[in-house]
Every structure is written in structure tokens, then in C-alpha cells.
**Q** 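Input: one structure, supplied below.
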Amino acid sequence: MDDTFGEQNKLPEFKLDSKQAQGFLSFFKTLPNDSRAVRFFDRRDYYTAHGENATFIAKTYYHTTTALRQLGSGADALSSVSVSKNMFETIARDVLLERTDHTLELYEGNGSNWRLVRTGSPGNLGNFEDVLFANHEMQEAPAVVAVILNFRDAGCGVMVTERKKAEFKTRDLVEDLSRLVKGATQPIRDLLSGFELSPGALGALLSYAELLADETNYGNYTIRKYSLDSYMRLDSAAMRALNVLESKTDANKNFSLFGLMNRTCTAGMGRRLLHKWLKQPLLDVNEINMRLDLVQAFVEDTALRQDLRQHLKRISDIERLTHNLERKRAGLQHVVKLYQSSIRLPYIKNALQNYEGQFSTLIKEKYLDELEILIDDDKLGKFITLVETAVDLDQLENGEFMISPAYDSALCALKDEQELLEQQIRNLHKQTANDLDLPMDKALKLDKGTQFGHVFRITKKEEPKIRKKLSTQFIVLETRKDGVKFTNTKLKKLGDQYQKILEEYKTRQRHLVNKVVETSASFAVVFESLAALLAQLDVLLSFADLATSCPASYTRPDITPFDVGDIILEGSRHPCVEAQDWVNFIPNDCKL
């Protein structure tokens, strides 16, 4: 961990009265021992950890045991540490995304009444996604694997969680999957029938990830056979030796193939796909050559490459946004981001249509035909119409995500009534300024706050001039350094009416927002296809950009089936080594 935490290092004040402390100590003693679990307790404004967890956090993240406090006294004293919300996010990211030796638990409650509300582990991030990716891009897609082992290797390099044998069951598995997986039940049954051991592992995986406990998961998954024979198998030692992925010890991003090749433009999608591709090199010669054909097309057509990359920079993380829609965690702002990405598609399509090179047929098959289907009036065209009709796009410049009053007659009527009351309040303001012989706005101001609603305000300097009228015709609410706040029966009545209409308007807005978000979620399958298409396009354009901007030009290899020909490298260079400023790389020939 780097030690530049800044404000995160400040310890929130941890205070409990004796009754609360005693109640918590009683609860804490009932927790089962689990050396891997890092347990946090939500104190609303901050979090706490206790016992061995507190010591671990103090040493690992605060780098000092002076951060520890004692809860209770004597033999019952419990080491404790308080953690700010920012620091909690940092620790959660480290435990779940960087380390492989701990799980994370979050408790809510008070006194002696606490309950476990969230659990997570490396690969099983669902319950903590809002914490992990609130302020950070999702760099790679996590994975959790259920395995039935006949032996155990002490050097796995992954977190291993032992589960009861009973959890590796196939009874009711088809029924459970039919709730989670889109589509009919029979294809699920047919797929599982082709496996002997993996259905039991799948049953344990569903139990471990608690997918059935959350109804927002229902109908949001797909299931397919994953063929390992399609990819080259690289163990962790090979990955490290070849510098495939980034390491914390890298002096710069060009130390790894991933860092060197990652020139993706989309907000996370391309980066994650590149990460996946580097861990799973293709073996199919036709697939490899198809990727190379597309890269060559983008290398040869500079205008096309630059145009497409400019458009992709405007594309949000459609994959994550769609996931949030399906999990019912999305708001109107997420829908708007999907809309803003969708309206870029015609520009991407037009750029691809302008390509007239030797790979035009391939580009049509891979991208143009599918974009044509996705942009269709029954798919994204329908979504775009929904957003443009329902959302007040003019308010986006003000950072407000609202339903347009024109979208709903009841909302429109409430808006009209709200504006009428605002006008009546302004008229009363003008009339009162005349009655008090004070300049409107300059001397007699109209304020609106949460405590009193609409009120008049004058400076203390002006108060003596109207003191008599204030005491006979108005109700003085507050006298402070910034002036005197007062009202009368007319303003109070109009203000109360305005507040009532405003609450009704907000309630109607929330109802309509939920409907629009729910309708948008019905386009999830379309957006998933779009995300896959754009992520692949992004990575291949990234390859082309690297090939055209490296210190010395790259050469397209001639790829043959594994049982044909030799490996012949002429003037070969290590891409990462030659990218270092202090290296003068001498090309080498190699024949195997």
C-alpha cells in the first residue's frame, strides 16, 4: 500500500457510552472465530474494527499501532480502531481486489444488536460494488470458481474456501438456475447433462455467492460451456516471467505487456477485455488472423482509426451501467449516460461505412451488420426515443437529472401550479417592498430555507426604519447578524401551499424516474451486445495505435497452424524493453 493517504489517515473520534460499550462487547464475544474475516461495524459517520482486525488495520493501513484504542477495561478490554468512509473504501479495495487472504464482512446495528448485512471475498464482489467502484473504474472483471478437488496443492496462489460437502449438490440445481438464467429451462437441463462433476461445483457456487437470496439476480444471467481448449494455458509463473500483467513493482506502465498495449479509450470496457485477452491467448489460427486483419485495416487507414478513437472516448462503461440497471441499482443519471453513448453510434457506424480497404467485407460482418441491428427502431432507437421524450435534457447542463414535465400530464399540472405560486410569492414580495418603502431585493430580500420556508429578510441597519410595522403587521422569526427574518399570514399561506405542491411534484418525479429506469432495464440484452462490440473495437484500435506509434514499426506475423512450419523471428525486439528510455535495443534473429 502506498502511504499517501492524506486526509484518510485522520482517525474519526470513536466514542461510546458505557452502556453501548458493554452491549457491543457482549455481542462481539458471540462472533465465530474466522482468521480470514475482516469485520467492520458501521457507526453511520464512520466504521470501526476490533480485536485482531483492529491490529491488522492499524499496522497495514495506518502503519502504526498508535491508531489503536481500547474499548472497555481490564480483562475485557478490546483493541479497536476507527476508520473514515474514504479509508474504508481504500481498505475494501485492497482486501477484495488486491489481496487473496481475507474476506470482508460489514455489520449494522447498535448496542448489543448487530447483524451481518454484507459479505465479500476476492472474486465475489457483488455486495460491495457500490463501495469499490464509486470513485474508481472497474479495471477487470472478477471471477470466483467452485472446484471439486481430488487432491490439494499447497501453492494455489488463490483464496481457497472450504465448504460443506452437502453444498456440492445437484438436487434442485436446474430449478435454481431457471430462476437466475434468461430463457427456457430445457437448454439448461441439456447443458448440465453433458457434465459429470461440474454441476456439483456449480451448486456450491450458487450457495457461496448467495445469488438466489437477491431477487434482482433473477433472469439476469446466462450459462454456457467454457472451452479451455480454445486458449493457451499460462500458469502464474509464466505470466510473471513474460511480464504479461502489471505489477506494483513496475517502474513505469511499459514494464508489462498490458501497460504497453493498453491504449483503450472507453471507460473501462476495453481495458477489461484486453486484460482478459492477455490472460487467454487464442489458439485458433482463423480467429487470430481475423483479429490481425482488423488491426491491419486500422493501421493502414489513419483517418478511420483516429475518428473511431475520438468517438470511443465519449462512450461510458456500458457494461457496468447495464449491470446496475439489472441489479436495480441505477438512477436516471445512469440511463442518461447510456443515452449519451447510444447517440454516438451513428457516428461510429458512418466512420466504418467510409472504409473502402481490402477488409471492408470483414468490417461489415463484424461491426456494421450488428450495429445496424442494434440501432434499429425496435432496439436502441426505441430507447433513445424514450429518453428524449421522458428526460428533461435541458437540465443536464445544470447537473440535474429530471423527468420532463411534458412527459406526464399530472407532472405538468403540478409544475404549472408550482410556477403560479412562485409568481404569487414574487408579487407579494413586490407589494410588501412598496408597503414598507424599501427597495425590492436590495433592501427587502426574499429567502427560502429548510427551517422557515419562504421569508422576508432585511439587514439590521434597515430594521429601525420599519420597526413599528414589523411589530404590528408581521411575525418576526429570527434576528441574527445577517439581518431580521420575518413573515406574514399571506406569505406563510403561499409558502405552505408551495411546499405542499413541491413535495407532490418530487413524489411524482420519483415515481416516473422508477418507471423510466425499469423500462430502460428491458434493453439490457441490447446493451450487453453493444458493450461487447465496442469493447472489442476499442482493443483492436488500441493495438493499431500502438503499432503505428512505437519507437520502430511493428510487423504483422504470418500465423500457421501449430503443426505446420517453424517459428522464425527476424530482427525481433522485446516490446517492453525497447520502450524504456534508457535502453538501446539490438534486434535479434531466432529460428525454432
Side-chain angles (χ1 to χ4, degrees), residues 89 92-93 96-97 120 123-143 216-217 220-222 245-246 253 258-259 261-279 308-349 367 370-371 374-375 379-380 383-384 386-387 391 396 399 401 516-517 520-543 545:
E89 180 184 319
R93 289 181 60 80
L96 297 180
L97 300 180
N124 185 25
L125 312 179
N127 288 332
F128 286 98
E129 283 184 355
D130 56 331
V131 175
L132 298 173
F133 309 116
N135 301 306
H136 296 79
E137 195 177 87
M138 189 176 186
Q139 308 287 13
E140 60 180 284
T216 62
N217 289 322
N220 286 331
Y221 285 83
T222 56
L245 301 179
E246 291 174 306
K253 72 180 185 68
F258 178 81
M261 301 177 78
N262 180 33
R263 300 180 176 216
T264 54
C265 297
T266 57
M269 297 186 298
R271 180 188 176 98
R272 290 193 296 274
L273 183 62
L274 172 60
H275 204 275
K276 179 179 178 181
W277 279 6
L278 287 176
K279 291 189 293 186
L308 287 172
R309 282 172 62 81
Q310 284 301 315
H311 291 308
L312 288 178
K313 288 176 182 176
R314 306 279 294 276
I315 300 295
S316 298
D317 194 338
I318 296 173
E319 194 173 43
R320 298 299 307 153
L321 291 169
T322 304
H323 177 73
N324 287 333
L325 272 178
E326 291 182 315
R327 295 294 301 272
K328 293 183 169 55
R329 293 176 177 171
L332 203 56
Q333 67 270 31
H334 300 95
V335 173
V336 169
K337 284 185 178 180
L338 287 170
Y339 162 77
Q340 291 169 332
S341 296
S342 299
I343 60 177
R344 306 304 306 172
L345 298 182
Y347 299 100
I348 293 174
K349 179 185 169 189
Y367 300 119
E370 189 169 355
L371 278 174
L374 294 173
I375 297 173
K379 292 185 171 64
L380 288 180
F383 170 74
I384 290 170
L386 167 69
V387 175
V391 179
L396 296 184
F401 299 88
V516 169
V517 172
S520 299
S522 66
F523 295 91
V525 175
V526 179
F527 281 119
E528 286 167 355
S529 299
L530 177 62
L533 182 149
L534 294 179
Q536 186 190 98
L537 181 62
D538 191 19
V539 175
L540 295 176
L541 284 165
S542 178
F543 292 165
D545 186 69

**Q** How long is the gap from OG1 on Thr264 to NE2 on His275, to the nearest 0.5 Å?
**A** 11.5 Å

**Q** Working note: Arg344 + Ile315, criterion side chain to side chain contact (heavy atoms under 4.5 Å, CB included); need CA distance, chi angles, decisive distance, verdict.
**A** CA-CA 8 Å; Arg344 306 304 306 172; Ile315 300 295; 3.9 Å; yes

**Q** If the condition is ring pair (Phe, Tyr, Trp, His ring centres under 6.0 Å), which residues does Phe383 pass it with, not counting sequence neighbours?
**A** Phe523, Phe527

**Q** If you apply the rule salt bridge (charged side-chain N to carboxylate O under 4.0 Å, His left out), what do you find for Glu319 with Lys276, and how did you get there?
**A** CA-CA 15 Å; Glu319 194 173 43; Lys276 179 179 178 181; over 6 Å; no

**Q** Under 4.0 Å between a Lys/Arg side-chain N and an Asp/Glu carboxylate O for Asp317 and Arg272?
**A** yes

**Q** Which residues pass the side-chain hydrogen bond (donor to acceptor under 3.5 Å, both in side chains) test with Gln340, sequence neighbours left out?
**A** none

**Q** Quick one: pull up CD in Gln536 and CG in Leu273 and give me the separation to the nearest 0.5 Å.
**A** 7.0 Å

**Q** Taking the side chain as everything from C-beta on, heavy atoms only, tell me whether Ile318 gets closer than 4.5 Å to Met269.
**A** yes

**Q** Does Leu533 have any side-chain contact (heavy atoms from CB on, under 4.5 Å) partners at least two apart in sequence or in another chain, and if so, which?
**A** Tyr367, Glu370, Leu371

**Q** Take Tyr339 and Leu386, measure what side chain to side chain contact (heavy atoms under 4.5 Å, CB included) needs, and give me the verdict at the end.
**A** CA-CA 10 Å; Tyr339 162 77; Leu386 167 69; over 6 Å; no

**Q** Does a side-chain heavy-atom distance below 4.5 Å link Asn217 with Arg327?
**A** yes

**Q** Enter the distance from Arg271:CZ to Ser542:OG here, rounded to the nearest 0.5 Å.
**A** 11.0 Å

**Q** Any side-chain heavy atom of Arg263 within less than 4.5 Å of one from Arg309?
**A** yes

**Q** With rounding to the nearest 0.5 angstrom, report the CG to NZ distance, Leu332 to Lys337.
**A** 12.5 Å

**Q** Would you name the heavy atoms of Pro346 and Ile375 that are closest together and state the gap between them?
**A** N-CD1, 4.3 Å

**Q** Partners of Tyr221 by ring pair (Phe, Tyr, Trp, His ring centres under 6.0 Å), sequence neighbours excluded?
**A** none

**Q** Compare every heavy atom of Val131 with every heavy atom of Ala92, then report the nearest pair and how far apart it is.
**A** CB-CG1, 4.3 Å

**Q** Does Trp277 reach the side chain of Phe258, with side-chain heavy atoms less than 4.5 Å apart?
**A** no

**Q** Quick one: closest heavy-atom pair of Leu530 and Leu374, and the distance?
**A** CA-CD1, 3.8 Å

**Q** Within a strict 4.5 Å, meaning less than it, do heavy atoms of the Leu338 and Ser316 side chains meet?
**A** no

**Q** What are the two closest heavy atoms between Leu380 and Ser342, and how far apart are they?
**A** CD2-OG, 4.1 Å

**Q** Sequence neighbours excluded, which residues qualify as ring pair (Phe, Tyr, Trp, His ring centres under 6.0 Å) partners of His311?
**A** Tyr347

**Q** Check whether any side-chain heavy atom of Asp538 sits under 4.5 Å from a side-chain heavy atom of Leu534, and report yes or no.
**A** no

**Q** Between Arg320 and Glu528, does at least one N-O distance fall below 4.0 Å, as a salt bridge requires?
**A** no

**Q** Report the residues that fulfil salt bridge (charged side-chain N to carboxylate O under 4.0 Å, His left out) with Arg314, sequence neighbours left out, ordered by chain and then residue number.
**A** none

**Q** With a 4.5 Å limit on heavy-atom distance, are the side chains of Phe133 and Leu97 in contact?
**A** yes

**Q** Rounded to the nearest 0.5 Å, how far apart are CG of Leu325 and CG of Asn220?
**A** 10.0 Å

**Q** Is Phe128 close to Leu96 at the side-chain level, that is, under 4.5 Å between some pair of heavy atoms?
**A** yes

